[in-house]
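In what follows, a structure is listed as C-alpha cells, so that the remarks can point back to it.
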Amino acid sequence: MAKGKPGIDIERCKGCALCIEACPEKILKMSESFNRQGQPYTICFEPERCTSCMSCAIICPDSAIRIWRYVAV
Amino acid sequence: MAKGKPGIDIERCKGCALCIEACPEKILKMSESFNRQGQPYTICFEPERCTSCMSCAIICPDSAIRIWRYVAV
Amino acid sequence: MYEGIIFAGFGGQGIILSGKLICIAAMREGKNVSHIPSYGAEMRGGTANCSVVISDEEIASPLIRQPSICVVMNKPSLFKFEESVQAGGLLIYNTSLIDLKPSRDDIRAVPVQANDLAQEEGNVRSANMIALGLLLRLKPELAALDSVISALDEAVSARNRSLNIINTKSLKRGFSLS
Amino acid sequence: MYEGIIFAGFGGQGIILSGKLICIAAMREGKNVSHIPSYGAEMRGGTANCSVVISDEEIASPLIRQPSICVVMNKPSLFKFEESVQAGGLLIYNTSLIDLKPSRDDIRAVPVQANDLAQEEGNVRSANMIALGLLLRLKPELAALDSVISALDEAVSARNRSLNIINTKSLKRGFSLS
Amino acid sequence: MAETVLMKGNEVIGEAAIIAGCRYYFAYPITPQNEIPAYMALRLPRIGGTFLQAESELAAINMVFGASAAGARVMTSSASPGISLKQEGISYLSGAELPAVVVNMVRGGPGLGNIAGSQGDYFQATRGGGHGDYRTIVLAPASVQELADLTVEAFDLADQYRMVVVLLGDGYLGQMSESLKLPEPSGKEFDKSSWALTGASGRAPHIVYSLRLSPEPALEEVNLRLQAKYREIEKNEVRFDTYRSKDAEYLLVGFGTSARICKAAVNILRREGIKAGLFRPITLWPFPSLAIERAAGSIKKVLAVEMNAGQMLEDIRLALWTSTSSSRNVVIDFCGRTGGMIPDVDEIVERVRNYEK
Amino acid sequence: MAETVLMKGNEVIGEAAIIAGCRYYFAYPITPQNEIPAYMALRLPRIGGTFLQAESELAAINMVFGASAAGARVMTSSASPGISLKQEGISYLSGAELPAVVVNMVRGGPGLGNIAGSQGDYFQATRGGGHGDYRTIVLAPASVQELADLTVEAFDLADQYRMVVVLLGDGYLGQMSESLKLPEPSGKEFDKSSWALTGASGRAPHIVYSLRLSPEPALEEVNLRLQAKYREIEKNEVRFDTYRSKDAEYLLVGFGTSARICKAAVNILRREGIKAGLFRPITLWPFPSLAIERAAGSIKKVLAVEMNAGQMLEDIRLALWTSTSSSRNVVIDFCGRTGGMIPDVDEIVERVRNYEK
Amino acid sequence: MRNEDADVKLVYSMPESLVDRPNHYCPGCGHGIIHKLLTQAIDELEIREKTIFIAPVGCSVLAYFYIDVDGCEAAHGRAPAVATGLKRVHKDKVIISYQGDGDLLAIGTAETIHAANRGENITVIFVNNAIYGMTGGQMAPTSLASQKTKTSPYGRDPADVGQPIRACELLNTLEAPVFIERCAVNNVKNILKTRKAIKKVVQNQVLNIGYSFVEILSMCPTGWGMTPQRAVEWIDEAMIPYYPLGNFRKKESDHV
Amino acid sequence: MRNEDADVKLVYSMPESLVDRPNHYCPGCGHGIIHKLLTQAIDELEIREKTIFIAPVGCSVLAYFYIDVDGCEAAHGRAPAVATGLKRVHKDKVIISYQGDGDLLAIGTAETIHAANRGENITVIFVNNAIYGMTGGQMAPTSLASQKTKTSPYGRDPADVGQPIRACELLNTLEAPVFIERCAVNNVKNILKTRKAIKKVVQNQVLNIGYSFVEILSMCPTGWGMTPQRAVEWIDEAMIPYYPLGNFRKKESDHV
Ligand SMILES: Cc1ncc(C[n+]2csc(CCOP(=O)(O)OP(=O)(O)O)c2C)c(N)n1
Ligand SMILES: Cc1ncc(C[n+]2csc(CCOP(=O)(O)OP(=O)(O)O)c2C)c(N)n1
Ligand code: SF4
Ligand code: SF4
Ligand code: SF4
Ligand code: SF4
Ligand code: SF4
Ligand code: SF4
Ligand SMILES: [Mg+2]
Ligand SMILES: [Mg+2]
C-alpha cells in the first residue's frame with residue numbers, strides 16, 4: 001500500500017540519477033524520452049511502493065521532486 | 001687573571017646596553033661621552049675580570065664586539 | 001569560395017569537433033580556415049556553437065554574422081540561428097531532436113535524422129558526424145570526405161579515439177544521404 | 001615677512017616639535033605657516049629635519065631650498081645645511097655637540113651650548129627649547145615667546161607633557177641669551 | 001566660524017572624513033600615509049565607528065566593497081604599491097557602481113621605490129589602473145585646507161554618482177602641516193534605499209554585482225550607462241583653479257605639490273615683469289580640458305610641471321591639440337622630476353625666463 | 001619549413017613560449033585563457049620545465065619575479081581581473097628591470113564583467129596600471145599566426161630591454177583556431193651574467209631590487225635610465241601593419257580582433273569603390289605615432305575601431321594632433337563596442353559609406 | 001495501491017527562500033543540494049528578511065539569483081573581506097559567505113584565515129569539490145593526491161605541489177572560531193547531517209556567538225569527469241578518507 | 001691581570017658573510033642579532049657562494065646589503081613566491097626567505113601557507129617582533145592582546161581583531177614542512193638555541209630535505225616604545241608565554 005508518492009518536475013530534472021540511487025525502494029528509473037532541455041528524466045515506475053521516505057527529494061540537486069504523503073482522514 | 005678581553009668598536013656601538021646586561025661578570029658599562037654618531041657606547045671597566053665567555057659579543061646586534069682569548073704559548 | 005558556417009547544438013553533441021574536423025580537412029587541402037567556439041555568455045549546460053570560415057582568400061574576420069551554412073542539432077539552436085542564415089544559404093537541421101520545420105523559404109533547409117541514423121551506426125554520439133557527412137555531400141567544395149576522415153585521429157582526443165570507427169561510418173552514412 | 005626655517009638634528013632631539021611650536025605660535029598671531037618634516041630618504045636612526053615657512057603672505061611653496069634661518073643641533077646637520085643658508089641668513093648651532101665653527105662668513109652664525117644649558121634647566125631633552133628660545137630672541141618677528149610657551153601644551157603629546165615645565169624654563173633661558 | 005588649527009595633511013584627511021560622516025575605514029599601513037590609519041584608530045572607536053586594520057590592501061578594498069554595499073560611507077587609504085593592489089577591487093566597485101573614497105598619498109616608484117612624495121600614479125588614477133572601461137573621479141588637493149575640503153566633497157561625489165572617488169595626494173602633502181579651518185559637513189543626503197543591502201524586508205532582494213553574463217548585451221548596457229554617467233561628470237564636475245593667468249603669456253600647469261612650486265615661480269616671474277600664470281587642475285579626471293583651452297587663448301607657451309615623467313602632459317596635449325582647437329599653436333613644454341624629487345622653483349623660473357629670449 | 005597546423009590561439013601561446021625557450025610558467029586559472037595553463041601543464045614537465053599553478057595571480061607574478069631574477073625566461077598569463085592583481089608585481093619587475101612576458105587575454109569588464117573578448121584593458125597595459133613611471137612593451141596580435149610570432153618576439157624584447165612585455169590579446173583570439181606555421185626560435189642570445197642571481201661565486205654579489213632610498217636622487221636616476229630606455233624603444237621597436245592604406249581616403253585604425261573586423265570592412269568598402277584602408281598598430285606601446293601620422297597624410301577621415309569605449313583613440317589623437325602635425329585637420333571618428341561585444345562589420349561599413357555623403 | 005480514503009499532504013517541497021528558477025549547475029552537482037539546505041535553514045530560522053548572501057567567484061557565482069535574500073558579489077577569494085565590511089556595518093544582519101575551494105583556500109587564503117582569526121561574527125559555507133569547477137576543472141588546493149585535472153594532467157604530485165589542504169584542521173589552530181565542522185552531501189545520511197551543521201552555523205550568527213564554519217564535500221561530476229553516481233562514490237572512497245567528516249569545534253555561548 | 005706570556009686568539013668576531021658596514025637598525029633591535037646568526041650558519045656550511053637571500057619589505061628591507069650573498073627583493077608579503085620562483089630555477093642554490101610578521105602573517109598569509117604546503121625546498125626565517133617596525137609601530141598579526149600600537153591605541157582587543165596568530169602552530173597542520181621551530185634572541189641562551197635552529201633550517205635545504213621554518217621572537221624597542229633592556233624582558237614576560245619556544249616538527253631525511 002502506497003504511503004505517499006514523489007512528484008517529479010520533469011522539466012527541472014537534469015537526469016543525474018542521484019534520486020534513483022538514493023531510493024531505498026528502487027522504484028525510480030531514467031526515462032527513455034527527453035525533456036525540453038533535451039535531458040532524460042526520472043520517472044517513478046512503481047509509485048505504489050513509495051514509502052514517502054523523501055530520500056529522492058532530499059538528494060535532488062535541482063529541487064525537482066516533491067513528496068506527498070497520504071494521511072488517513 | 002684575565003682569560004680574555006672584549007674588543008669594542010665604539011663607532012659601531014649604538015649604546016643599546018644589551019651587552020651590559022648579558023655580561024655575567026658585570027664589567028661593562030655605558031660611556032659618558034658620545035661616539036661620532038652621537039651615541040653613548042659600551043666600555044669595559046675591568047677587563048681583567050673578563051672570562052671571554054662571549055656573551056656580550058653574542059648578543060650585540062651591531063657586531064660591535066670581538067672577543068680575544070689569551071692562550072698559553 | 002568563402003563560406004561562413006555555424007554548427008550549433010547542445011554541449012556534448014560534438015559541435016566543436018565538427019567545426020575542427022572540417023577546418024583541418026580544408027586546411028590540408030590548402031584553404032584558409034578559422035574556427036571560433038562560442039564561449040561567451042553561456043554558462044555550464046547551455047548550448048554550444050562554433051563559427052567556421054573556409055575561404056580561398058585570406059580570412060579577414062573570423063566572426064560570422066550571417067552564415068552561408070548553418071548546421072543545427074537541436075531546437076534552441078534552430079530558434080537562435082535560423083534567422084541569421086543568408087538568403088540562399090543552407091540550413092541542415094536534426095529532425096531527431098527538432099520536431100518542427102524551419103519557417104524561412106528563402107534558404108535551402110535540409111532535414112537529417114542525425115541521432116537516429118547515428119544510433120543505427122552504433123552510437124548516438126556520432127550524430128554530429130551524420131550531419132557533417134551530409135554537409136560534405138551538399139557542399140563538396142568545402143573539403144573532401146576523405147580529408148575529413150583522415151582528420152579524425154588528429155582532432156579527436158585520445159580518450160575518445162575508439163569512437164572513430166563509428167565516427168567514420170557515420171560520416172560516410174551522412175555523405176551517402178541526399 | 002617671509003622666513004624659511006630649517007630645524008635639523010638627530011631623531012629624538014625634538015626637531016619636529018620645535019617646528020610645530022613656532023608654527024602654532026605664529027599661526028595664532030595671524031601669520032601663514034607651513035611645516036614639513038623630512039621623511040624621505042632617511043631610514044631609522046638617521047637625522048631629522050623639518051622645514052618651516054612663516055609668512056605674512058599666503059605661502060606658495062612650503063618647500064625651502066635656501067633657508068633664511070637654520071637651527072642645527074648636531075654635526076651632520078651642520079654639514080648638511082650650512083651651505084644652503086641664504087647669504088645674510090641666520091645659523092644657530094649647538095656647540096654642545098658641534099666642536100667646530102661654521103665656515104661661511106656671509107651669514108650670521110650664533111653658537112649656543114644647548115645641551116649643557118638644557119641640562120642645567122633640568123633635562124638634556126629640552127636642548128631644542130634652548131635653541132628655539134634663542135631664535136625667538138634673535139628673530140622676534142617670528143612669534144612672541146609667550147605664544148610659543150602657550151603652544152607647548154597643544155603640541156606636546158600627553159605622554160611628554162610633564163616635561164613642559166622644563167621646556168618652558170629652557171625656552172626662557174634660550175630667550176635670555178644674547 | 002571654525003577655528004584655525006595647525007594640522008598635518010594626513011590627519012586632516014581622517015578628520016575631514018569623519019566630518020563627512022564616514023564611520024568605516026579599512027586600510028593597511030604604508031608610508032607615507034600612516035598618520036591616517038593612526039588617526040582613525042584613535043578617533044573612530046570613540047564615535048561609534050569602525051577602524052579595522054585589514055590583513056592587506058586587497059582585504060581592505062574588499063571590506064570597503066562590503067561596507068559600501070551595506071550603504072555606509074566608507075574610506076580606505078594607501079600609497080602607491082598598496083594602491084596597485086587595490087586595482088581589482090576598484091574595478092569591482094566601479095562595475096557594481098558602489099561609492100567609495102580611496103586616498104592615494106603617492107610615493108616614488110616604480111616598484112618599492114622610496115617614500116618621498118611623487119605624482120607618478122597620475123595615469124593609474126586617471127586612466128583606470130584596473131581592468132575595463134571605468135573611470136574614477138580624481139581630486140588633487142594642493143594644500144592642507146584643500147585636503148580637508150576635497151575629502152568632504154569626495155564623499156558627496158562618490159554617493160551622488162555611485163562611484164569611486166580617488167583623492168590623489170602625494171607624500172609631501174600628507175606630511176605637511178598648515179593652518180586650516182576644518183570644513184562643515186555638506187549636509188547633502190543621498191538615498192541609498194533602492195540598492196543598498198539591508199535585508200530584503202518588505203521589498204524584493206537587492207543584489208550588488210558586476211557580473212553580467214547574459215543576455216549578451218547586458219554588460220554592454222552597464223558600460224553604456226557608465227559612459228553616459230562619465231560624460232555627465234565631465235560636463236558638471238570639472239574643478240580647477242587659476243592664478244594670475246588672465247593676462248599671462250606663459251602658463252604653468254601643475255597640480256598638487258607641483259602647483260605650489262609653480263605658484264612660487266609665478267610670483268618670482270611676475271616680480272621680474274614676466275607674464276606668467278598658473279593653471280591648476282583640481283579634478284584630474286574629469287580633466288579641465290575646455291577650461292585649459294580657454295585659459296590658453298592668449299598664451300605663447302605652456303609649461304607642464306609634474307613630479308613624474310610627463311603624465312598629465314598627455315591630458316594637456318589632448319586638451320590643447322583637439323582638432324577644433326584654436327590654441328593649437330601653443331607649444332607645450334614639460335618640466336618634471338621623478339623618484340620623489342620635487343621640481344625646483346629656480347629651474348622653472350629659469351626655464352620661463354628663457355622663453356622670453 | 002614548418003608544417004601548417006590548426007591550433008587554438010591560447011595553445012599557440014604556450015607552444016610559442018616553449019619554442020622561445022621559456023621553461024618556467026606560473027599562473028592562476030581564469031577564463032578565457034585556461035587553455036594556456038592546461039597546455040603548459042601538459043608540455044612543460046615533459047621537457048624539463050616547470051609548470052606551477054600558483055595560489056593566486058599575486059603569487060604567480062611574484063614567482064615570475066623570482067624566476068626572472070634567477071635568469072630564466074619566464075611567462076605568466078591571465079585575463080583582466082587577474083591582470084589587475086598583478087599590477088604591483090609588474091611595477092616591481094619594471095623597477096628592478098627584470099624581463100618577463102605577461103599575457104592578458106582581455107575579457108569584458110569592469111569588475112567580474114563577463115568572459116567574452118574585449119579590449120577594455122588598453123589603458124592599463126599602455127599607461128601602466130601599476131604605480132610609478134614605468135612602461136611595458138605591449139604587443140597586440142591579430143591572428144593566431146601572429147600570436148605565435150609575437151610570443152617568440154616578446155621573449156627577445158623582454159630580455160633585450162630587461163623589461164616586462166605584455167601580450168595583449170582578447171578572449172576571441174585565444175579561443176580561435178586558425179592555421180599557422182609554428183615559428184622557429186629566434187636564436188638570439190642574451191647575456192644575463194652581469195645581474196642574474198646565480199650565487200656570488202667568484203664575483204661580487206648581485207642584488208635585484210627596486211628600492212632606492214638614498215642618496216636622494218638614486219630613484220630619480222633609475223627613472224631617468226628607464227625613461228631613456230623607453231625613448232630608445234619608441235625609436236626602434238614600433239611595429240604596425242597597413243592594408244590598402246596607400247591611396248586610402250578613409251583610414252580605419254584597429255588592433256587585434258577589431259583589426260580583423262576592420263579588414264573585412266575595408267574589403268567590402270573597396271568592392272564598392274570606396275577608398276578605405278586599415279592601419280593596424282602591432283605595438284600599442286610604443287604606439288606607432290609617426291607611422292600613423294604619415295599614413296594619415298592623404299586621409300580625409302580616420303575611424304578608430306575598438307572593443308572598448310575609446311582608449312587607443314587617445315593615442316591616435318595624440319599622434320595626429322601633435323602641434324607640428326601636418327595631419328591635424330583629419331577628423332577622428334570612433335566606433336566602439338564594450339562589454340565583450342564585437343564591432344559589427346556592417347556598422348563600420350555603413351559609417352564609412354556615410355563619410356562619402 | 002493508492003488508498004482512496006487518505007488525504008494527501010505535501011511533506012517535501014522547495015524551501016521558500018529558494019527561488020523557483022532552474023539553476024545553471026551541471027546534473028548531479030552538489031551546489032544545488034547545498035543551496036536547498038541553506039534556504040531550508042533560512043526558512044526555519046525565519047531570517048530571510050535579514051540575511052545578506054555573498055556569492056563567490058566560482059560555479060556558485062550566480063547563487064544570489066537562487067536564494068531569495070539580499071545578495072552581494074565578492075571578487076574571487078575576497079568574500080570574507082566583503083562579509084567583514086557588511087557585518088561591521090550591519091551587526092544585526094546575517095551575513096553568509098558561500099565559497100568554493102579555489103576561492104577559499106587558494107586565492108582567498110589570507111582573507112579566510114584573518115576573518116576567522118578576528119572571529120568575525122559571520123557564517124562561512126565552504127564547498128569543497130576538490131576542483132575548480134567554474135573554470136573547467138583545474139587543480140584545487142583540495143584536489144587529492146594523484147587526482148588528474150586540467151592543470152595536473154599526470155595526477156597531482158604531492159612532492160611537487162604538496163598535499164591537499166584541510167581547511168577545518170587549519171582553522172582549528174585559531175582561537176576565535178566557535179564552530180568548525182566537515183560534512184558531505186553525497187548521500188541522504190550525510191545530507192541530513194550537513195543540514196544540521198548548516199543550520200547551526202547560521203543560527204550561531206543569529207545568536208551572536210561568533211565565526212562559524214562548515215566545510216561540505218560536494219560532487220563536481222563535470223570537473224571530475226565522472227557520472228554523478230560515480231561522483232558520490234568517489235566522495236566516500238577518495239575524499240572522506242583524507243577529509244574525515246565530523247565536528248572539530250563547538251563552542252556554545254553562555255547565554256544559549 | 002694580563003698574562004704577558006699568553007698569546008691572544010680572536011674567538012669571536014664578525015661572520016665572514018656579514019658585510020662590514022654599520023646596519024640601519026635601531027639600538028637593541030633583534031634583526032642585527034639574527035643577521036649575525038644567519039651569516040654564521042652560511043659561513044659554517046660554506047654556502048656563501050650559492051646562497052640567494054630574499055629581503056622582505058619591513059625593517060630588514062635592506063638586509064641584502066649586510067649579507068654578502070646574492071640578494072633579491074620581494075614585494076611586501078611575497079617573499080615565499082619569489083623564493084619559489086628562484087628555487088624552481090636554481091634547485092642547487094640555497095634560497096633564504098627572511099620575513100617579518102606583517103610580511104609573513106598578514107599580507108603574505110596565502111604565500112606563506114602555500115609555499116609551506118607545497119613543501120618548497122626553501123628556508124624561511126620569520127622574525128616575529130609583534131609589531132610593524134618599519135612603518136612606525138602598527139599592530140601586527142602577532143601583536144599581543146592589549147598591546148598598544150599606533151593602530152591599536154587602546155590596546156589590541158581580541159574581541160574585535162582576534163588573538164595574535166601563532167605561525168608555527170598554523171604551519172604545523174600542513175604535511176610538507178620538515179622543520180618548524182620557535183626561538184628567541186632576547187638572551188644569550190636563547191640566541192645559542194636560535195643559532196642551532198637557523199643552522200638547521202639552512203642545512204636542511206643544502207641536504208634537500210624540504211621546507212624548513214624558524215620563528216624568532218625578536219626585540220623591537222622602538223616599536224614597543226621600550227628601552228632595549230625592557231624589551232628583552234618583555235619577550236620573557238609577555239611573548240614567550242603566548243608563543244612557547246620549542247620544536248614543533250623535525251623530519252629527518254632518509255639519507256641523513
Ligand atoms: C582574480 C580572479 N582570478 C581567477 C578567476 C577565475 N576563476 C573563476 S572561478 C575560479 C575557481 C573556481 O573554483 P572554486 O572556488 O573551487 O569553485 P567551484 O567552481 O569549484 O565551485 C577561478 C580561478 C577570477 N574570476 N578572478
Ligand atoms: C603592498 C605594501 N603594503 C604595505 C607596505 C608598507 N609596509 C612596509 S613594511 C610593512 C610592515 C613591516 O612589518 P614587519 O613585516 O613585521 O617587519 P618589521 O619592520 O617589523 O621587521 C608595511 C606594512 C608596503 N611597502 N607595500
Ligand atoms: S520518497 Fe523514498 S520511496 Fe518514495 S520514491 Fe522517493 S526515495 Fe523512493
Ligand atoms: S535527482 Fe533530481 S535532477 Fe537528478 S535525476 Fe533525480 S529528479 Fe532528476
Ligand atoms: S666576554 Fe663575557 S666576561 Fe668578557 S666582557 Fe664579554 S660578557 Fe663579560
Ligand atoms: S650590545 Fe653592542 S651595540 Fe649594544 S651597547 Fe653593547 S656593544 Fe653597543
Ligand atoms: S562544474 Fe562542477 S561544481 Fe560547477 S556546476 Fe558543474 S558539477 Fe557543479
Ligand atoms: S623599528 Fe623595531 S624592528 Fe625596526 S629597526 Fe627599529 S627596533 Fe628594529
Ligand atoms: Mg571547487
Ligand atoms: Mg614586525
Side-chain angles (χ1 to χ4, degrees), chain C residues 2 4-5 7 15-44 46 48-67 84 86 143 147-148 150-159, chain F residues 3-10 31-35 105 107-108 113-118 142-145 170-181 243-244 252 254 257-268 270 278 280 305 307 339-349:
Chain C
Y2 175 96
I5 316 172
F7 294 92
I15 299 301
I16 309 297
L17 178 64
S18 294
K20 285 237 160 165
L21 275 176
I22 200 164
C23 279
I24 295 173
M27 175 184 81
R28 294 265 172 273
E29 294 177 4
K31 287 156 198 135
N32 292 294
V33 299
S34 74
H35 173 277
I36 182 161
S38 81
Y39 74 99
E42 283 86 33
M43 288 289 295
R44 328 218 122 275
N49 68 73
C50 66
S51 305
V52 167
V53 177
I54 298 182
S55 170
D56 294 328
E57 316 267 287
E58 193 199 348
I59 297 168
S61 167
L63 298 162
I64 303 170
R65 276 195 65 237
Q66 298 199 310
S84 65
Q86 283 176 15
S147 305
V148 172
S150 51
L152 267 173
D153 277 349
E154 187 176 336
V156 173
S157 69
R159 206 159 47 121
Chain F
E3 195 199 3
T4 302
V5 290
L6 183 80
M7 276 181 86
K8 196 171 198 172
N10 281 333
T31 310
Q33 60 82 57
N34 286 315
E35 295 82 3
M105 301 310 275
R107 55 187 254 182
N114 65 20
I115 56 175
S118 161
S143 67
V144 171
Q145 180 67 57
D170 65 63
Y172 299 110
L173 269 174
Q175 295 301 320
M176 188 160 87
S177 300
E178 291 185 311
S179 54
L180 83 157
K181 288 196 200 336
Y243 179 69
R244 305 177 89 163
L252 306 190
T257 294
S258 311
R260 298 288 290 267
I261 313 286
C262 290
K263 204 167 195 174
V266 168
N267 285 342
I268 296 173
R270 283 282 176 173
L278 167 67
R280 177 168 74 86
V305 180
M307 280 147 65
M341 303 300 283
I342 305 177
D344 198 80
V345 180
D346 299 347
E347 196 187 324
I348 297 170
V349 167

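Proteins get letters first, then strands, A, B, ... in listed order; numbering begins at 1 in each.
Heavy-atom distances place no part of Val144(F) under 4.5 Å from chain C, backbone and side chain included. For Leu63(C), the part lying near chain F is the side chain, with the backbone staying farther off; criterion is any non-hydrogen pair under 4.5 Å.
A donor-acceptor pair under 3.5 Å is absent between the side-chain atoms of Asp170(F) and the main chain of Met307(F), judged by distance alone.
No side-chain heavy atom of Lys181(F) sits under 4.5 Å from any side-chain heavy atom of Glu3(F).
Of the residues considered (Ile261(F), Asp344(F), Asp346(F)), Asp344(F) shows the highest number of contacts with chain C, using heavy-atom pairs under 4.5 Å. Among Val5(F), Thr257(F), Val345(F), Asn267(F), the residue making the largest number of heavy-atom pairs under 4.5 Å with chain C is Val5(F).
Checked by atom type, the side-chain pair Glu29(C)/Ser147(C) shows a donor-acceptor distance below 3.5 Å.
Under the side chain to side chain contact (heavy atoms under 4.5 Å, CB included) test applied with His35(C), the options Val53(C), Ile16(C), Ile5(C), Ile22(C) reduce to a single match, Ile16(C).
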